[in-house]
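Contents: one structure, followed by commentary.
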Amino acid sequence: MNRVAIIGVGCSKFGEMWDSGFRDIVISAGVEALEDAGLEGKEIEAMFVGNMSGGRYLAQEHIAALIADYAGLAEFNIPSTRVEVADASGGLALRQAYMAVASGMHDIVIAAGAEKVTDVGNPMDIMTSSIDREWEGFVGATLPALYAIIARLHMEKFGTKEEDLALISVKNHKNGALNPKAQFRREISLETALNSTYVAEPLKLFDCAPISDGAAVVILASEDVAKNYTDTPVFIEACSQASDYLAIQNRKDILTMSSVVAAAKQAYKQAKVEVKDIDIAEVHDSFTIAEIMAYEDLGFAKKGEGAKLIREGVTELNGDLPVNTSGGLKACGHAVGATGVRQAVEITLQLRGDAGKRQVDAEKGLALNIGGTGATAIVTIFSR
Amino acid sequence: MLPRFWRKIKYRYDLVGSYCENCQSFFYPPRNLCPHCRRRSKIKEIPFDGKGRVLSYTVVHDAPEEYKEEKPYVVALIELENGVRVISQLVCDPEEVEIGMEVKKAFRKYGEDGNSGIIYYGTKFVPDN
Ligand SMILES: [Zn+2]
């Protein structure tokens, strides 16, 4: 297998972008990545695009060709492929691009993620299509409702408090304030988070990431080819994917995401790293409880002790293991199919030393992208 | 009415699930293939008696369009006596619900399709006092 390097990254602004269309958002991320890599465009051999629901958000399918076209690549006739695993679609695009380079099939490949949610379609209803529509959605369960059921049991069994969940939100907003691409660039107080209205008890407004517009692009190259383009490559040491029962009622233990455990186990093994080697992580905080469970399922904390990390400040920007330095899904925004690629952009900037005011000292990073309530998980390990 | 709804009416109305005779496992929603036995599955339909207890729950405030009029409502993860878990609405005062509470199945209205006027029914749970 070829070692795979990231040679360029780009990211649009995340948020409610009423003035920009899908194509504008994608191109802003793409141009930034091409400039970052110093590529003209004709060097690109293939493209993978993560997009959850263009068909329902935009009434537009065939997103892969559309993006290749508007990225100025139509004349090169490159293969362009859209992949979908709900809100882990971006992570999967990264994985497909990674495999295309690692296998030796291609030398330079683009992984893109993009979603435009503010045009047509009902975001809540569309997110319900990431859970079991017939058996969970039918009874009035929403994505937040299912995470709320998980959160309630976590609190009952392990003593996690609503305040612990709020602390995650406060931390991520604090980090988001330092990220020029973030949707929410303001700090919030613990009281603001705790006093926000209930969406699905015990989860409140400030426990839930927004559903946003946004795009992110990462350009991958084989190690040898990467040398021609950058002196600061960031390597992907592993990118693992796992699945689980779609509906939470079929899982033996809803307090463990076995997809995350499986993907992490495989990724640590392939990258030949241990948990203690990880310096920084971007995890899928679509809901605050998901970040606490990620601490546990990735092995940062023992099962049931995830809340300790946030109480003790371990995952703060100045802590031993900063998590979601970008602001995470909560403050940077959750542009659904773009999120997994956006996480890779953040880890790359951090490992290269290009993260500006939110820069931390890190050599190895990890990203966790989740689809729905965890029926898909993708874990990527990066090193500089 | 949506074909995917009426195809499943029997299972929704009376909590009919699946039983694998090969490994003695119960499933809900029903499955044609046992995830433990796969091609050795011996699946048959079986009605569940519908008594169980609340494993966890939420009170939904931000509801989908079809359920706006019912909010706030309780959605619970319920474990039946045979070990099967079911996600269902629980008809009770949101203040009253707690983990471990005993519940039983009931036939109730779920919602209406505003455009067609069709009313959906299914199994909900109620407190079993
Ligand atoms: Zn079986």
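Other residues, nucleotides and ligands contribute more than 12 heavy atoms inside 6.0 Å of the CD atom of B:Glu96. Other residues, nucleotides and ligands contribute only 12 or fewer heavy atoms inside 6.0 Å of the NZ atom of A:Lys252. In the displayed structure, A:Lys302 atom NZ is contacted under 6.0 Å by at most 12 heavy atoms of other residues, nucleotides or ligands. For CD of B:Glu102, the number of neighbouring non-hydrogen atoms (other residues, nucleotides, ligands) closer than 6.0 Å is 12 at most. Other residues, nucleotides and ligands contribute at most 12 non-hydrogen atoms within 6.0 Å of the CD atom of B:Glu69. Shown here is B:Asn32, whose CG atom has no more than 12 heavy atoms of other residues, nucleotides or ligands within 6.0 Å. Under a cut-off of 6.0 angstrom, the local environment of NZ in A:Lys303 is crowded, with over 12 non-hydrogen atoms contributed by other residues, nucleotides or ligands.
A distance of 7.0 Å separates CG of A:Asn122 from CD of B:Glu65, quoted to the nearest 0.5 Å. Atom CG of residue B:Leu77 and atom CD of residue A:Gln249 lie 7.5 Å apart, to the nearest 0.5 angstrom.
Of the possible polar contacts, none joining the A:Glu201 side chain to the B:Thr58 backbone as a donor-acceptor pair under 3.5 Å is found. Between the side chain of B:Ser56 and the backbone N or O of A:Ile149, at least one donor-acceptor pair lies under 3.5 Å.
The shortest distance between side-chain heavy atoms of A:Tyr198 and B:Pro72 does not fall below 4.5 Å. Two residues are said to be in side-chain contact when any heavy atoms from C-beta on lie closer than 4.5 Å; A:Glu134 and B:Arg12 meet this criterion. By the 4.5 Å heavy-atom criterion applied to side chains, B:Pro64 and A:Thr142 are counted as neighbours. For the pair B:Asp62 and A:Met124, the minimum side-chain heavy-atom distance is below 4.5 Å.
Aromatic ring orientation, B:Tyr110 versus A:Phe138: tilted (interplanar angle from 30° to 60°).
The parts of B:Ile87 that come within reach of chain A are both its backbone and its side chain, each placing non-hydrogen atoms under 4.5 angstrom from that chain. Heavy-atom distances place both the backbone and the side chain of B:Tyr57 under 4.5 Å from chain A. Heavy atoms of B:Tyr73 lying under 4.5 Å from chain A belong exclusively to its side chain. Looking at B:Arg31, only its side chain comes within 4.5 Å of chain A, counting heavy atoms on both sides. Using a 4.5 Å cut-off between heavy atoms, B:Leu55 touches chain A through its backbone atoms (N, CA, C, O) alone. With a 4.5 Å cut-off on non-hydrogen atoms, A:Arg251 touches chain B through its backbone but not through its side chain.
Across A:Ile254, A:Asn250, A:Leu146, A:Ile150, the residue that shares the most heavy-atom pairs under 4.5 angstrom with chain B is A:Asn250.
Shortest non-hydrogen contact noted between A:Gly140 and B:Tyr67 is CA-CE1, 3.4 Å.
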